[in-house]
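Notes to accompany the following structure.
Counting starts at 1 for both ligands and their atoms, following the listed order.
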Amino acid sequence: MADPKLKQRKPLHLAKLHVHTGDTVLVLAGKDRGKRGKVLSTLPRANKVIVEGVNMVKKHVRAGAGVQAGIIDKTMPLHVSNVMVICTECGEPTRIAHERVPMGTDQKMRTRRVCKRCGKAIEEHTRE
Ligand SMILES: [Zn+2]
């Protein structure tokens, strides 16, 4: 770090991640390498994602107001570079392309994600 100011600079906007909530991803690194899981949430500010059942840690919790003491399993965030999106069409882990096409009833130009293997659009999972 040559310039200490460089570290403090905030991004003008947050780039969207190539991984979205609801995607199934393949874990590429860490103790859960090779595992597949569903993305529970994304943390664009940290470039991290939380994947169901991956990177679990045992957390010792003290008793507090309405909280029982004990050991709980907590899912820790993973860096996006350590996961690969699994295509909803071909079921293979793939890199993602972004494509702008007219979509929806108003036919407005919108961005969609496309599988680099089969070229089909990746299905989005809307939050319930
Ligand atoms: Zn595909």
Residue of the set Val39, Val85, Thr42, Leu43 for which side-chain contact (heavy atoms from CB on, under 4.5 Å) holds with Leu17: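 Result for side-chain contact (heavy atoms from CB on, under 4.5 Å) with Leu17: Thr42.
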Lys116 vs Cys87 side-chain heavy atoms within contact, under 4.5 Å: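 Side chain of Lys116 against side chain of Cys87, heavy atoms only: no contact under 4.5 Å found.
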Side-chain heavy-atom pair Val49, Val83 within 4.5 angstrom cut-off: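 A side-chain contact exists here, since the closest heavy-atom pair is under 4.5 Å.
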Asp32/Arg36 ion pair, N-O < 4.0 Å: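 No, no charged N to carboxylate O under 4.0 Å.
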Arg117 atom CZ, over 12 foreign heavy atoms within 6.0 Å: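 Above 12, so yes.
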Flag if over 12 foreign heavy atoms under 6.0 Å of NZ, Lys108: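 No, not enclosed.
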2.8 Å cut-off (strict), protein N, O or S atoms about the Zn ion (ligand 1):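 Total protein N/O/S atoms under 2.8 Å from the Zn ion (ligand 1): 4.
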